[in-house]
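Within every chain, numbering begins at 1; the chains are lettered A, B, ... in the order of the sequence lines, protein sequences first and strands thereafter.
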Protein chains: 2
Amino acid sequence: MSLDHILLGLLRQPASGYDLKAIFDQHMHYIWAAELSQIYPTLQRLEDKGWLRSRSADSKRGPARRVYEITPAGRKALREWLEMTPQLGQERNAALAQLYFLSELADLAKTERYFVRMREQLSDRLQALQRFDRLWSEADPSYPERLPSADFHIYLTLRKGLHSLGGLVAWCDESLRMIRARAEREKAADVRPVKKTR
Amino acid sequence: MSLDHILLGLLRQPASGYDLKAIFDQHMHYIWAAELSQIYPTLQRLEDKGWLRSRSADSKRGPARRVYEITPAGRKALREWLEMTPQLGQERNAALAQLYFLSELADLAKTERYFVRMREQLSDRLQALQRFDRLWSEADPSYPERLPSADFHIYLTLRKGLHSLGGLVAWCDESLRMIRARAEREKAADVRPVKKTR
DNA sequence: TATTACATGTAAGGGGTTACATGATTTA
DNA sequence: TAAATCATGTAACCCCTTACATGTAATA
């Protein structure tokens, strides 16, 4: 049901399916992903439901655009969703599941590689958010304390990304320290007995 | 594909579908969720594929248990999955989407309520993890530095939970401070003009 | 001339949830 | 005697992804 309500939220401003895809990719990628093949039928369904209305508009190239907009009934549904308690979903973290079983490989160097890669991916994302944060703060004198309400709420979602990615990068660093200390101990425990038994 | 490999990982120890459900709920809830209605057909499919084998075993009450176990081919598939780069999925965070649009309600008290509830849910989870962490550390003298390899990897997944939940609770606290400061300013800006225009 | 961007869709299939069906044994 | 636990499964449905179909206009 979440995609429905996200589309309602975005369609407080009129937009086509194609436009919405661009918004998902450019501005909401750290919150929700959606493909065009899911967006188009969802828009039709929401229009059938009376939560959206659409009109045809011509485009410069390609077929005519279908531009959707929220209706009063849609706005009511959106507000009801927003009044709900925060919708925390179940965890489904494949990367964490890999780590859970990674001792199967019986090779600490593989675990170290896992964290090196993980850290790279996370810190790329973190740096992108930090860059966005910096550009915003430089461009907008009201940032962050006196932002208009809509921007302030978006700013809070940005802070979430910075906090949780920051925490995860710190986790990687801590883990790498522990893994390397363990590797040292393994090496020491491995070499000495061999020498002794010779 | 992740559930397949998680089941392979768990079935290095023999277990029935019913047992696996209990493991998901009790030990893997912060990593992955699965329902019995998904587990049973998946086990059959993995057996057809040659990654699992099963035998019938009688139970004290209810129908006979079907106990599954990984095969050498399954272990190969598991290891290949573990060698893959960490499988970070796309974000799909409904609660964050709610916050993104929450200015629609035009009521900072609603935003404050959102964070109060969010903080409750997160700190419940955090406290459960902290409690588990504490009990483990008290029960196991090898904790955490000299844990056996399998336990050490599970410990690292636990640290992830502590880091990211800790970061999120800090985010809630920071947000609540900012929201309350904003509410103060709103009140000040609201009351004075009214008095003036009278 | 080939690729990219614009623009809308359908079809097939995978992954997951909710509800239903069945029935024995233990506990309250 | 009713409820909870043990135990296995099927059916219908929803959400999402990948692949396919179609065509125009600008850009490299």
> Any side-chain donor-acceptor pair under 3.5 Å between B:S54 and B:R66?
Replying inline: yes
>> Among residues at least two apart in sequence or on other chains, which ones pass salt bridge (Lys or Arg N to Asp or Glu O under 4.0 Å) with B:D124?
In response: none
> When the distance from CE of A:M1 to P of D:dC13 is rounded to whole Å, what number comes out?
Replying inline: 14 Å
>> I'd like the 5' and 3' limits of the part of DNA chain C contacted by chain A, with heavy-atom contacts below 4.0 Å.
In response: C:dA5 to C:dT17
> Between atom CG of A:L11 and atom CG of A:L46, what is the distance when rounded to the nearest 0.5 Å?
Replying inline: 8.5 Å
>> On the nucleotide D:dC16, are OP1 or OP2 found under 4.0 Å from the side-chain N or O atoms that A:Q38 carries?
In response: yes
> For DNA chain D, which residues in residues 79-100 of chain B have a heavy atom at a distance below 4.0 Å?
Replying inline: B:Q90, B:R92
> Is B:L156 linked to B:M84 within one hydrophobic cluster, defined over Ile, Leu, Val, Met, Phe, Trp and Tyr using a side-chain heavy-atom separation of less than 4.5 Å?
Replying inline: yes
> In Å and rounded to the nearest 0.5 Å, what is the CG to CH2 distance from A:L176 to A:W171?
Replying inline: 10.0 Å
> In Å, rounded to the nearest 0.5 Å, how long is the span from CD of B:Q90 to CZ of A:F24?
Replying inline: 11.5 Å
> Is it the case that one hydrophobic cluster holds both B:L96 and B:L122, taking links as side-chain heavy atoms less than 4.5 Å apart, direct or via other members?
Replying inline: yes
> What's the CG-P distance between B:L36 and D:dT5, to the nearest Å?
Replying inline: 14 Å
>> Could you tell me how far apart B:R66 (CZ) and D:dA7 (C1') are, to the nearest whole angstrom?
In response: 12 Å
> Considering residues at least two apart in sequence or located in another chain, which fulfil the ring-ring contact (aromatic ring centres under 6.0 Å, His included) criterion with B:W81?
Replying inline: B:H5
>> Strictly by salt bridge (Lys or Arg N to Asp or Glu O under 4.0 Å), give each pair with a member in residues 149-164 of chain A just once, sequence neighbours left out.
In response: A:R159-B:E174
> Excluding sequence neighbours, so at least two apart, what forms salt bridge (Lys or Arg N to Asp or Glu O under 4.0 Å) with A:E145?
Replying inline: none
> Does A:Q127 have any side chain to side chain contact (heavy atoms under 4.5 Å, CB included) partners at least two apart in sequence or in another chain, and if so, which?
Replying inline: A:S123, A:Q130
> Nearest-Å distance, CD (A:Q44) to P (D:dC15)?
Replying inline: 16 Å
> Rounded to the Å, how far apart are B:L43 CG and D:dT8 P?
Replying inline: 9 Å
> Considering only heavy atoms, which members of residues 51-64 of chain A lie under 4.0 Å from some atom of DNA chain D?
Replying inline: A:K60, A:R61, A:G62, A:P63
> Going through the checks in order, is the salt bridge (charged side-chain N to carboxylate O under 4.0 Å, His left out) test met by A:R182 and A:E186?
Replying inline: CA-CA 6 Å; A:R182 251 181 110 84; A:E186 266 186 14; 5.1 Å; no
> Where along residues 11-35 of chain A does a heavy atom come under 4.0 Å from DNA chain C, residue by residue in number order?
Replying inline: A:S16, A:G17, A:Y18
> How would you list all residue pairs meeting side chain to side chain donor-acceptor pair (under 3.5 Å) that involve residues 21-31 of chain A, not counting sequence neighbours?
Replying inline: A:K21-A:D25, A:Y30-A:T157
>> If we ignore hydrogens and angles and just use 3.5 Å, is the side chain of B:T71 paired with the main-chain N or O of B:W51 as donor and acceptor?
In response: yes
> To 10°, what angle do the rotation axes through the five end pairs on each side of the helix from C:dT1-D:dA28 to C:dA28-D:dT1 form?
Replying inline: 30°
>> The criterion is ring-ring contact (aromatic ring centres under 6.0 Å, His included); which residues satisfy it with A:Y155, sequence neighbours excluded?
In response: A:Y143
>> Just checking A:Q13: does its CD atom have more than 12 heavy atoms from other residues, nucleotides or ligands closer to it than 6.0 angstrom?
In response: no
> Please give, in whole Å, the distance from D:dT24 P to A:R65 CZ?
Replying inline: 19 Å
